[in-house]
Amino acid sequence: MDPEKQLGLIKKNTVEIIQEDELLEKLKSKGSLKVKFGVDPTTPDIHLGHSVVLLKLRCLQDLGHKVILLIGDFTARIGDPSGRTKTRKPLASEEILLNARTYRQQAFKILDAAKTEVLFNSKWLSKLSFSRVLKLASHYTVARMLERDDFNIRYQRKYPIGLHEFIYPLMQAYDSVVLDSDVELGGTDQKFNLLLGRQIQKSYGQTPQVMITMPILEGTDGSQKMSKSLGNYIGITEVPHEMYGKLMSIPDELIGKYFRLLTFLNSEEINLKERQLKEGKLHPKKAKEELAERIVSFYYDSSSAKAVKERFQTVFGEKKLPHEIPSYAVDMDKLKEDNIWIVKLLQLTGLAETRSQARRLIEQGGVKWDEEKVKDINLEISLANEHILQVGKRKFMRVVKK
RNA sequence: GGGGAGGUGCCAGAGUGGCCAAAUGGGGCGGGCUGUAAACCCGUUGGCGUUGCCUACGCUGGUUCAAAUCCAUCCCUCCCCA
């Protein structure tokens, strides 16, 4: 495709490209570019926040470029300090490998496997001698390292910074040297690291990579960035109805951004929706339904998307039981008779973590047995037939005898 | 190496001998409301078959009828000086 046209497609939804003219130049002279994308295998599950960058990589692949999915198995031993105010806990190497494998599988839900090369940076970083590390470190200064916002904040607030954390960005930059990458992608929180890659490449006599940053996606809470540790994430392997439900729970203000970054709907249509939402011509729930349906269709298929849409309507609109409810088989041998204490059952089924929590749920009117609100904490129930136990609005369990 | 400050619940942060399972805020959970698992309002938030008992305020030990609070050793963090 014509370089100018490609640039237009690549630019869509990006926050920053440094330098755009260099990118155009590379597109003209090289044709197919080597695009580096580094992954920190500290968490195994890819969520929609990660998908923003992955979708852009997919776009680059479709334009004929080659993506290097770089698993930072070595760097994970430090943990990326980006955006953190605390030192990360280092992971055990088996865990890192396991995460890497899971990550890779999940990434190919979005990326084109045929146009992706997967590499592990331990391959070269583990062999780097101390003297080479010193040479690498000499290319950057403490003062400049402290310019980095997260380090700066930690320094200002008198939070500890491990010396090894200073090395992290340098290792990531060194990866770019080893790969001789043309382009590196990341979220805006990666800007410093990506720029350092450029500088270190120059120090090693290479043409610097072009840096492309993508927006950070807020999680379901609507304010903080999507992350597993904050519990506001939507994983791309979550079961369809969870994915759908979580998408329905995003704050209304985020609808436009989610459409823009997570679906293939074109900009004109998204703009139109945003305008209609503002004018009250489009109900936010309707907009979210479409959003959720599109995203579930992408990761699964349109028929499951339709099914979960109906399920949502049944459960939350009509407040009825969903069609599919997981079962829990009570081991009757452990019971004296056919009766079981409700609090105990709640804990057994996992609908409540502790008995105290189970009590609380009952006291607050959050527990239903066969669609009847449970009022008595001492209730003993008979398990003669099949029953439905419900906690809150969205947790259901079919209780049967083993 | 010397001097100073500090380590409290999921997180932030009060409490400096009994009234402390520990204020307040955030988050979580439940309820109400709603064409939403949005927004908003209310409640709740260590465990235990629970008007009581057990375990908890960095670790260990001590003082005391009584310790998150006092003392000692140790571990960890930050600041200043070197």
Side-chain angles (χ1 to χ4, degrees), chain A residues 84-87 89 151 153-163 165 218-235 238-259 274 277-278 280-293 295-296 308-320 322 334-336 339-348 350-368 373-381 389-396:
Chain A
R84 297 227 142 208
T85 48
K86 280 184 185 168
T87 307
K89 285 192 287 286
F151 282 145
I153 287 169
R154 283 162 67 176
Y155 193 66
Q156 297 292 327
R157 293 190 189 163
K158 309 185 193 314
Y159 291 155
I161 303 173
L163 263 185
E165 293 181 88
E218 287 86 354
T220 50
D221 63 323
S223 52
Q224 288 181 282
K225 79 166 190 176
M226 187 177 285
S227 91
K228 193 170 186 184
S229 51
L230 291 172
N232 62 356
Y233 74 106
I234 306 175
E238 290 198 54
V239 295
H241 79 261
E242 281 293 321
M243 188 183 271
Y244 189 94
K246 284 186 178 185
L247 283 163
M248 291 301 285
S249 84
I250 64 167
D252 296 347
E253 308 79 68
L254 240 50
I255 296 173
K257 188 168 185 182
Y258 269 53
F259 262 111
E274 283 190 311
L277 278 169
K278 210 184 245 172
K281 287 179 186 160
L282 176 62
H283 192 284
K285 190 195 172 194
K286 282 268 169 278
K288 277 201 256 185
E289 276 174 352
E290 183 185 337
L291 174 74
E293 201 178 331
I295 293 175
V296 174
V308 292
K309 182 180 176 178
E310 273 168 37
R311 182 195 149 107
F312 190 89
Q313 182 52 31
T314 310
V315 175
F316 301 106
E318 298 157 28
K319 305 215 185 298
K320 288 185 185 158
K334 289 181 183 159
L335 296 181
K336 289 169 220 128
N339 291 341
I340 185 167
W341 180 34
I342 182 79
V343 169
K344 195 172 173 184
L345 182 66
L346 280 163
Q347 189 200 21
L348 275 176
L351 294 181
E353 279 172 40
T354 62
R355 293 189 185 183
S356 295
Q357 194 194 6
R359 280 168 180 280
R360 244 175 266 136
L361 287 166
I362 295 169
E363 277 162 8
Q364 293 179 134
V367 177
K368 283 183 187 162
K373 192 169 280 190
V374 176
K375 289 177 185 145
D376 181 11
I377 238 168
N378 297 310
L379 182 68
E380 296 277 342
I381 43 186
L389 183 61
Q390 180 179 355
V391 168
K393 293 177 181 123
R394 36 189 278 246
K395 282 187 246 165
F396 304 91

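Since we're looking at a predicted model, the values are computed, not measured. Each chain gets a letter, A, B and so on, in the order its sequence line appears, and its residues count up from 1.
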(message) So A:Pro251, base contact, sugar-phosphate only, or nothing? Heavy-atom distance under 4.0 Å.
(response) sugar-phosphate

(request) Round to the nearest Å and state the distance from A:Lys393 atom NZ to B:A37 atom P. (result) 6 Å

(request) Check whether any side-chain heavy atom of A:Arg154 lies under 4.5 Å from a side-chain heavy atom of A:Glu165, and answer yes or no. (result) yes

(message) Between the base of B:G31 and the side chain of A:Gln364, is there a donor and acceptor pair under 3.5 angstrom?
(response) no

Tell me which donor-acceptor pairs under 3.5 Å the side chains of residues 243-251 of chain A have, and how far apart each pair is, sequence neighbours excluded?
from	atom 1	to	atom 2	distance (Å)
A:Lys246	NZ	A:Tyr233	O	3.0
A:Lys246	NZ	A:Glu238	OE1	3.2
A:Lys246	NZ	A:Glu238	OE2	3.0
A:Ser249	OG	A:Lys246	O	2.9

(message) Nearest whole Å is fine: how far is B:G31 C1' from A:Gln390 CD?
(response) 13 Å

(request) Give the nucleotide from the list B:C29, B:C48, B:A37 with an atom nearest to the side chain of A:Ser249. (result) B:A37

(message) Taking any heavy-atom pair under 4.0 Å as a contact, classify A:Ile250: base, sugar-phosphate, or nothing.
(response) sugar-phosphate

(request) Look at the side chain of A:Arg360 and decide which nucleotide, out of B:G47, B:A38, B:G49, has an atom nearest to it. (result) B:G47

(request) Could you tell me whether the phosphate oxygens of B:C48, OP1 or OP2, come under 4.0 Å of any side-chain nitrogen or oxygen in A:Thr354? (result) yes

(message) Nearest whole Å is fine: how far is B:G35 C1' from A:Lys319 NZ?
(response) 11 Å

(message) With a 4.0 Å cutoff (strictly under), does any side-chain N or O of A:Arg355 reach OP1 or OP2 of B:G49?
(response) yes

(message) Rounding to an integer number of Å, can you tell me how far A:Ile377 CD1 sits from B:G30 C1'?
(response) 13 Å

(message) Please give the stem ranges for RNA chain B, sorted by first residue number, where a stem is three or more consecutive Watson-Crick or G-U pairs and both donor-acceptor distances are under 3.5 Å.
(response) B:1-7 with B:75-81, B:10-12 with B:24-26, B:27-32 with B:40-45, B:46-48 with B:52-54, B:60-62 with B:70-72

(message) Base, sugar-phosphate or nothing for A:Asn378? Non-hydrogen atoms, less than 4.0 Å.
(response) base

(message) If you assign A:Lys158 and A:Met243 each to the RNA chain B nucleotide with the nearest heavy atom, which residue ends up on the more 5' nucleotide?
(response) A:Met243

For residues 351-362 of chain A, which side-chain N or O atoms pair as donor and acceptor with protein atoms under 3.5 Å away, sequence neighbours left out?
from	atom 1	to	atom 2	distance (Å)
A:Thr354	OG1	A:Gln357	N	3.1
A:Arg355	NE	A:Gln347	OE1	3.1
A:Gln357	OE1	A:Glu353	N	2.7

(request) Take atom NZ of A:Lys309 and atom P of B:G35, then tell me their distance rounded to the nearest Å. (result) 17 Å

(message) How close do A:Asn232 and A:Asp221 get, counting heavy atoms only, and between which atoms?
(response) ND2-OD1, 2.8 Å

(request) Give, for atom NZ of A:Lys285 and atom CD of A:Glu289, the distance between the pair rounded to the nearest 0.5 Å. (result) 5.0 Å

(request) Respond yes when some side-chain nitrogen or oxygen of A:Ser356 is under 4.0 Å from OP1 or OP2 of B:C48, and no when none is. (result) yes

(message) Restricting to non-hydrogen atoms, name the atom on A:Tyr258 and the atom on A:Leu291 that form the minimum distance, rounded to 0.1 Å.
(response) CB-CD2, 3.7 Å

(message) By the 4.0 Å heavy-atom rule, please label A:Gly392 as base, sugar-phosphate, or nothing.
(response) sugar-phosphate

(request) Specify the separation, in whole Å, of atom CZ of A:Arg359 and atom P of B:C48. (result) 8 Å

(request) Identify whether any heavy atom of A:Glu380 sits under 4.0 Å from a base atom; if not, whether one sits that close to sugar-phosphate; answer base, sugar-phosphate or nothing. (result) base

(message) Heavy-atom count check: over 12 atoms from other residues, nucleotides or ligands less than 6.0 Å from A:Lys320 NZ?
(response) no

(message) Without decimals, in angstroms, what is the distance between A:Leu361 CG and B:C29 P?
(response) 11 Å

(message) Heavy atoms only, 4.0 Å cut-off, all strands: where does A:Lys246 land among base, sugar-phosphate and nothing?
(response) base

